[in-house]
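Numbers here simply count residues along the sequence, with the first being 1.
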Amino acid sequence: MTSEITWHKSSYSNAAENCVEVAEGPTTHIRDTQHRAQTQLSISGSEWNALLQTLRSR
C-alpha cells in the first residue's frame, strides 16, 4: 500500500530527523519518520483540511 503513496515531510518539520510525513489525497496518510514501517494514521481529505484550517486559525 505505501509503495503507491507519495510522502512528503510536514511543512512544520525542520531539518531534524524526528518529524511527520504526510501523503495528501482523497485519503490523507500521516506517519512518524522514526517508525515508518509501523501503523500510519489515515483520515479523509476533508478531515485533514479541517485540521489544517483549525491549526492555521490559532
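- Partners of Glu47 according to the side-chain contact (heavy atoms from CB on, under 4.5 Å) rule, which considers only residues two or more places apart in sequence or in another chain, are Ile43, Ser44.
- The hydrophobic clustering, which links ILVMFWY residues whose side-chain heavy atoms are closer than 4.5 Å, places Leu52 and Leu41 together.
- The two atoms that bring Ala23 and Ile5 nearest to each other are CB-CG2, 2.8 Å, heavy atoms only.
- Taking 4.5 Å as the limit, some side-chain heavy atom of Glu21 sits within range of a side-chain heavy atom of Arg36.
- In this view, His8 and Glu24 satisfy the side chain to side chain donor-acceptor pair (under 3.5 Å) rule, not counting sequence neighbours.
- Sorted by first and then second residue, the side chain to side chain donor-acceptor pair (under 3.5 Å) pairs with a member in residues 49-58 form an empty list; sequence neighbours excluded.
- Of all heavy-atom pairs spanning Thr28 and Gly45, the tightest one is OG1-CA, 4.0 Å.
- The shortest non-hydrogen separation linking Thr27 to Ser42 is CG2-CB, 3.9 Å.
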